[in-house]
Each structure stands twice: as C-alpha cells, then as structure tokens.
Amino acid sequence: MSINILGIESSCDDTSAAVVSEGVLLSNVIASQAVHCAYGGVVPELASRAHQQNIIPVVDQAIKQAGITKDQISAVAFTRGPGLLGSLLVGTSFAKGFALAANIPLIEVNHLQGHVLSQFVHEKDKPENHPSFPFLTLLVSGGHTQIILVKDYFDMEIIGTTIDDAAGEAFDKCAKVMALGYPGGPVIDRHAQQGDPERFHFAKPHIEGLNFSFSGLKTSFLYTLRDKLKDDPNFIDKNINDICASLQFTITSILIEKLVAAVEQTGINRITIGGGVAANSELRQVLKFEAKRYGWKVYIPERKYTTDNAAMIAGAGYYKFLKKEFVGMDIAPDARLKF
Ligand code: KG4
Ligand code: ZN
C-alpha cells in the first residue's frame, strides 16, 4: 500500500489539511479566517474558535480531494509549534484523536522547518525543482524573519534573525496605520505596483551581522505620516500608491542586504524563500534580479506554498515517516518550539 500522509496546520489563522502520497501532493485545503480583518491583526481567542469550526470540514475535504479514504492514511503529521498556543492545541488534539482512532503513527513537524521544506512540495505531473544541500532560506512571515542555513532535511541552523518585529509584522502594522485592513502585506503589494518607490524615505536599521530589525522603520513610517497629515489630512488617500511602494522598497532592501551578507559569509549561493512575505511581488522580482547579478541560484516557490499551508507539513511528515520519527500520545504543542 502507498504511504499516505495526512498533514494538519493550525499554527496561526489558517486551518489547513493536505494529503501527500509517496512524496507527491494529492490535496491541499486551506480555510483562512476573515474574522481578524476588522481588528488589524490576529486575535488568538477568535483564531482558536475558528480552527475548532473549520478543522473537521477541512480534513474531510482534503481526504476526498486526494481520492482516498481515511483508512488508507498511513500517518498524521501536525504542526507542533511555534505559533499561537490555542491554535496549535486544536490541530494537535485533532491529529492525536485521528491517529489514535485509526491506530496509525503520529508525526510532529516544526512550522518553520515546514516553511523551509515547502520548497520540496512535489505536485503530480510537474517537474521537480529543488536545491541540493546545503542552501540558504530567507524565511519571512508574520511571526518570523530569519536566514536559515539548511544542511539537510531536518538539520538547520538559524544564522540571522529579527531582534524585534518580523517583516510581515512591519507590513501589517504599517497597513494598520493606513487603515488598510489585515493582513496588510497583500494590500500594500497591490498599491505598490502603481507607486513610486523612491518618493518617500524611511529609516533603515544598522544592525551588525545577519540580524534584522524592523521596529525603527515602523516608528519612522508612523512619524512621517503624522507630520504629513498635519499639513494635509488627506495625505494618505492622495499618496497611497507611492507610500506603499516606498515602504515595500525599504523592507525589501533590508531583507536583500542581509541575504547578500549571508551568501558572502557562508559561500553558499543556493537560495530559497518561504513564509507569507515571500509572496511579495517586489521581493520575488528583486531576488531574480540579484540572482543574475551575483550568479545565485534562486528557487522561488509558488505563492500558495509560501503562506501557511498543510502541504508543507504533510511533505515534511513524509520524510520523517521514512525515518520512522514518530511521537507518542503524550506530545503537547509548544508555542516557542525551537529546532
Ligand atoms: O506565513 P504566513 O501565512 O503566516 C505566519 O506564519 O505568519 O505569513 C503571513 C504574513 C502576514 O504578515 C502578511 O501580511 C504577509 O505574510 N504577506 C505578505 C504578502 N502576502 C502575505 N507580505 C507582503 N506581500 C505580500 N504579497
Ligand atoms: Zn507561517
């Protein structure tokens, strides 16, 4: 019988389930939670409740779309952390219940390792395109901004990280100031496409080594808008495209500068990106441009595999299944899980 892995992802505000069969993705169902939009950020209590409502229909759909039945599932892989504890609890408890009832093994996956391994998600009838080890991953999401040295599937080292806000948080918080709703990244991305990235200048951090900082940029953004609004209360509406383009340009250049430094430091020029911010049009474009300039080999996943999804969890689970890396029923989620 084929090895069929059911993956469950519930670390933040997306409830997702996927089925991977012999390493090939058969289904990937994602229910995003619109409930947070009005609050300008994820409300943990509301996220857990929405996961509770969504998890069974989402899993049911993933199994049906995969064209298999639940008794053909060989193991359940779930996101153990890092993430919001209440959200992680829903996915973890569901995975444990499913594995217990079906008498199949349970596999824990670190959410960040899942993002890194999203590069290896293999769709049927599509050519495989992934880097050889070692490679560097720029992981940029709402909760994380890291450069990871990936030596093997589960042998990874964080060589640069944010000392305050994450890149996605910078997008979301600045969007909130402009009343653009949540998540802010995609809205800023859309406006930026018609804007002038050189029009406004926001502070860039001076942090040693490969670490990032975004809190100074956020403050500089806030103060710039506050000053401009004093002269013209309609300043944001009138300049929204240029403001978004300039902000996006600043965030992208902060990320790229550190990536250039990481390549110099490690001598590794195979690069992947992951996490929600990796869906950003400019970041994707600049990476391709820099790849040509510096002779990097850049692997850019499809947008649907950059934001939170269970395909990456099921895929990582498949590699763990082959190594028989299972966990017991006493496993608990860990909001600050490290690797
Ligand atoms: O990986 P993800 O779905 O969830 C976390 O683990 O955080 O990332 C969500 C983040 C949000 O901050 C969102 O604003 C950002 O990814 N994001 C984007 C874009 N699409 C999503 N940021 C910039 N440009 C985008 N196109
Ligand atoms: Zn994520």
Side-chain angles (χ1 to χ4, degrees), residues 7-16 28 30-34 36-37 39-42 44 47 51 78-84 87-88 91 109-119 121 137-146 148 162 165-178 180-193 195 197 214 217-218 244-256 272-287 300-313 316 335-337 339:
I8 308 282
E9 158 63 33
S10 72
S11 65
C12 190
D13 60 340
D14 294 296
T15 317
S16 182
N28 182 36
I30 305 172
S32 299
Q33 304 176 358
H36 309 288
C37 192
Y39 300 91
V42 177
H51 283 305
F78 69 98
T79 302
R80 185 179 167 211
L84 301 170
S87 290
L88 291 165
V109 176
N110 180 303
H111 180 76
L112 304 183
Q113 291 193 330
H115 272 301
V116 171
L117 297 175
S118 65
Q119 192 60 52
V121 169
T137 296
L138 175 67
L139 179 56
V140 270
S141 73
H144 302 276
T145 298
Q146 293 161 335
I148 302 174
T162 180
D165 291 346
E169 231 175 327
F171 273 109
D172 294 338
K173 287 181 176 170
C174 293
K176 192 175 177 180
V177 173
M178 298 185 282
L180 293 181
Y182 175 87
V187 190
I188 291 178
D189 193 347
R190 272 201 302 280
H191 282 293
Q193 284 171 26
F214 289 97
L217 165 63
K218 189 184 64 195
C244 288
S246 304
L247 174 67
Q248 182 173 278
F249 175 76
T250 314
I251 295 176
T252 306
S253 35
I254 295 171
L255 296 172
I256 296 289
T272 75
I273 51 169
V277 180
N280 185 264
S281 320
E282 184 174 341
L283 181 60
R284 297 168 81 90
Q285 210 176 330
V286 174
L287 264 175
I300 300 179
E302 283 184 59
R303 281 189 168 81
K304 61 183 173 188
Y305 300 127
T306 59
T307 47
D308 287 350
N309 67 84
M312 65 190 195
I313 303 304
R336 296 174 180 275
L337 188 63
F339 59 82

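One-based numbering, in listed order, for ligands and for the atoms of each. Atom set for the values below is all heavy atoms of this structure, side chains included, hydrogens, waters and symmetry mates excluded.
- At a 3.5 angstrom cut-off on N or O pairs, G276 counts as close to ligand 1.
- Considering both main-chain and side-chain atoms, D308 comes within under 3.5 Å of ligand 1 through a nitrogen or oxygen pair.
- Side-chain atoms of R303 and S281, non-hydrogen and from C-beta on, do get closer than 4.5 Å to each other.
- Only the side chain of H115 comes within 4.0 Å of ligand 1, counting heavy atoms alone; its backbone N, CA, C and O stay farther away.
- Distance from atom 11 (C) of ligand 1 to its nearest protein heavy atom, with residue and atom name: D172 OD2, 3.4 Å.
- A donor-acceptor contact shorter than 3.5 Å links the side chain of S10 to the backbone of S87.
- Atoms of ligand 1 found under 4.0 Å from any heavy atom of G143 (numbered from 1 in listed order, with element): 7 (O).
- Against a heavy-atom cut-off of under 4.0 Å, F171 is close to the following atoms of ligand 1: 22 (N), 23 (C).
- Close contacts of ligand 1 with G168, meaning ligand atoms under 4.0 Å from a residue heavy atom, involve 12 (O).
- Between I273 atom CD1 and I300 atom CD1 the span is 5.0 Å, to the nearest 0.5 Å.
- Within the 4.0 Å heavy-atom criterion, the part of H111 lying near ligand 1 is the side chain and not the backbone.
- Residue-to-ligand polar distances place N280 within reach of ligand 1: an N/O pair is separated by less than 3.5 Å.
- The shortest distance between side-chain heavy atoms of F249 and E282 falls below 4.5 Å.
- The shortest distance between side-chain heavy atoms of H191 and V187 falls below 4.5 Å.
- With rounding to the nearest 0.5 Å, the separation of CG in N280 from OG1 in T306 is 10.0 Å.
- Considering backbone and side-chain N/O of G142, one or more are found under 3.5 Å from N/O of ligand 1.
- At least one N, O or S atom of H111, from either the backbone or the side chain, sits less than 2.8 Å from the Zn ion (ligand 2).
- Per residue H115, closest N, O or S atom to the Zn ion (ligand 2): atom name NE2.
- Near T307, meaning under 4.0 Å from any of its heavy atoms, are these atoms of ligand 1: 3 (O).
- Looking at N28, its side chain does come within 3.5 Å of a backbone N or O of A311 through a donor-acceptor pair.
- Nearest residue to atom 18 (C) of ligand 1 from S281, G185, A192, P183 is G185 (criterion: closest heavy atom).
- Side-chain contact between I251 and I188: absent, with no pair of heavy atoms (C-beta onward) separated by less than 4.5 Å.
- The closest donor-acceptor contact from the side chain of T145 to the backbone of A167 lies under 3.5 Å.
- The name of the N, O or S atom in D308 nearest to the Zn ion (ligand 2) is OD1.
- Regarding atom 26 (N) of ligand 1, its nearest protein heavy-atom neighbour is D189 OD2, 2.9 Å.
- Residue C12 has no nitrogen or oxygen atom sitting less than 3.5 Å from a nitrogen or oxygen atom of ligand 1, judged on distance alone.
- Counting heavy atoms from C-beta outward, I256 and L283 have side chains that approach closer than 4.5 Å.
- Side-chain N or O atoms of S11 include none that pairs as donor or acceptor with a backbone N or O of G83 at under 3.5 Å.
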